[in-house]
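All remarks here apply to the structure that follows.
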Amino acid sequence: MDNGCEEIVQSIRDMLTGNFDVDGRTIMTAMGRYQDHERGEEIVRACGEMLFDVVPQELKDQVELLMVQGEESGPQVLERAQACLAKGDAEGAVDVLLPLCDRLFEVGAGAASDDGQPCYFDLENIVEQVLLVDTMKPEQPLKPALLPFVRVYSLLAYALHEAGRYEDAVMWLQRALVWNPVQPHLYFEIAEAFKRMDQLDQAEAWIDRAYVLCAGPAALARWYRAKGFCAVERKEFELAAAEFLFSTAFEQSPVVGSELEYMKATFDRDLSDMDPATVVETLKERNVPMGPNEAALQALATSIQIARANDDVPTARECALRLYALTGDETVKTLLESLSEE
């Protein structure tokens, strides 16, 4: 491990307090922050070791029991499932993953308080923590889950979806939501499964539930595209075009051009040149919100404050970048520039 990497790891270690509930959140947040760092693999591995050090023994015993199945560890199961998916063998991936997911579900059933409310969560970063507290208002203090519930359940749901088993995919995605109810992509995947089952009302209801959670430009752009797909299915082409075109304010995607071309080729509706004023007016007429939800913006602003208070400049910078991409606010731009200089 080089000096720069050691400094990062030591800075994380210096924030630990000896309280598992606090330290678990600190370490999990750091793992999410540095996973794309050039030395991310080493930093995440070191964080994993730190996390294991602060975990109570009874939880360590559960992890060891779960993540080793016979002679194959949990990570090896995931690797084998991904190899099946790479070969186009979705059913093979399901067969590999299902025993691990069943065991995870069995272990996770005990991770609730006496009143049945979840008290452990599989969250990736501080924004998700703030969103969860602000939008879901859990009655219990948040505690970090040690097991990768969301990742494993999501991978099984993907395999089930690819195998055409949409109802089962929805079930496992809903189980993932128990552990992380603030990841918008889970809602989008549930909506896609319902769309495949020709349950368009259900699909759109799940899409709408994701809106408040879109605390980044990519997620918000996907929300508008998802709405656009539903509008195409309903043959509401002007609305679909407006939603697709409005999504490009937050993220460019080849999907937009493809869908506009599809409407032109299939339904003889060329709406690719819809002007911005018409886009806005069309969305207003259909009561489609324009821009991010206030709760998502507040979550980002709060996350910046928390990160700065803890001298966590990388996280503050990342949140400020998201906030600026969503709002274009010059005050946020100034803050982002100041953080980039630190």
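Since the structure is predicted, the reported quantities are computational estimates derived from the model, not experimental observations.
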For E243, which of E236, R286, K227 qualifies under side chain to side chain contact (heavy atoms under 4.5 Å, CB included)?
K227
D275 vs V279, test: side-chain contact (heavy atoms from CB on, under 4.5 Å). Steps then yes/no.
CA-CA 6 Å; D275 62 85; V279 168; over 6 Å; no
Side-chain contact test, heavy atoms from C-beta onward, threshold under 4.5 Å: evaluate it for [X] versus [Y] and give yes or no.
X: K284; Y: V280; answer: yes
X: L147; Y: W179; answer: no
X: D329; Y: L323; answer: no
X: C84; Y: E91; answer: no
X: L98; Y: W172; answer: yes
X: Q202; Y: M197; answer: no
X: V182; Y: V212; answer: no
X: L220; Y: P217; answer: no

Presence of salt bridge, [Y] and [X], under 4.0 angstrom:
X: E106; Y: R103; answer: yes
X: E204; Y: K195; answer: no
X: E251; Y: R222; answer: no
X: D201; Y: R234; answer: yes

Rounded to the nearest 0.5 Å, what's the gap from [atom1] on [X] to [atom2] on [Y]? Could you check?
X: F229; Y: E192; atom1: CZ; atom2: CD; result: 7.5 Å
X: D270; Y: K264; atom1: CG; atom2: NZ; result: 4.5 Å
X: Q183; Y: N125; atom1: CD; atom2: CG; result: 8.5 Å
X: C101; Y: L155; atom1: SG; atom2: CG; result: 8.0 Å
X: C214; Y: R322; atom1: SG; atom2: CZ; result: 11.0 Å
X: L300; Y: E318; atom1: CG; atom2: CD; result: 9.5 Å

Between [X] (side chain only) and [Y] (backbone N and O only), is there a donor and an acceptor less than 3.5 Å apart?
X: T302; Y: A299; answer: no
X: T334; Y: E330; answer: yes
X: T135; Y: L131; answer: yes
X: Q252; Y: T248; answer: yes
X: D312; Y: R308; answer: no
X: K235; Y: V232; answer: no
X: R269; Y: M263; answer: no
X: Y187; Y: Y211; answer: no
X: W223; Y: I207; answer: yes

With sequence neighbours left out, write down each residue that passes side chain to side chain donor-acceptor pair (under 3.5 Å) with S258, or none if nothing qualifies.
none
Taking it one step at a time, do N310 and T315 satisfy side-chain contact (heavy atoms from CB on, under 4.5 Å)?
CA-CA 10 Å; N310 288 283; T315 296; over 6 Å; no
Pair L78-R151, side-chain contact (heavy atoms from CB on, under 4.5 Å): steps then yes or no:
CA-CA 10 Å; L78 298 182; R151 179 188 173 199; 3.6 Å; yes
State, to 0.1 Å, how close [X] and [Y] come at their nearest heavy-atom pair, and which atoms those are.
X: L283; Y: A242; value: CD2-CB, 3.9 Å
X: A240; Y: G228; value: CB-O, 3.6 Å
X: L336; Y: R317; value: CD1-O, 3.6 Å
X: P181; Y: L132; value: CG-CD1, 3.5 Å
X: A193; Y: V170; value: CB-CG2, 3.5 Å
X: L339; Y: A320; value: CD1-CB, 4.0 Å

Is there a donor-acceptor contact under 3.5 Å linking the side chains of [X] and [Y]?
X: E128; Y: N180; result: yes
X: D14; Y: Q10; result: yes
X: E7; Y: S11; result: no

So if you build clusters from Ile, Leu, Val, Met, Phe, Trp, Tyr with side-chain heavy-atom gaps below 4.5 Å, do L200 and F244 land together?
no
Cluster question for you: counting only ILVMFWY and a side-chain heavy-atom cut-off of under 4.5 Å, with indirect links fine, are Y262 and L271 together?
yes
Does [atom1] in [X] sit with more than 12 non-hydrogen atoms of other residues, nucleotides or ligands closer than 6.0 Å?
X: Y166; atom1: OH; answer: yes
X: E285; atom1: CD; answer: yes
X: D273; atom1: CG; answer: yes

Please assess F237 against F267 for the test ring pair (Phe, Tyr, Trp, His ring centres under 6.0 Å), listing each intermediate value before the final yes or no.
CA-CA 9 Å; F237 301 119; F267 303 104; 4.6 Å; yes
Is the NZ or CZ atom of R175 both under 6.0 Å from the centre of the six-membered ring of F105 and within 45° of that ring's axis?
yes
List the steps and the verdict of side-chain contact (heavy atoms from CB on, under 4.5 Å) for F194 and W206.
CA-CA 9 Å; F194 276 117; W206 279 96; 3.5 Å; yes
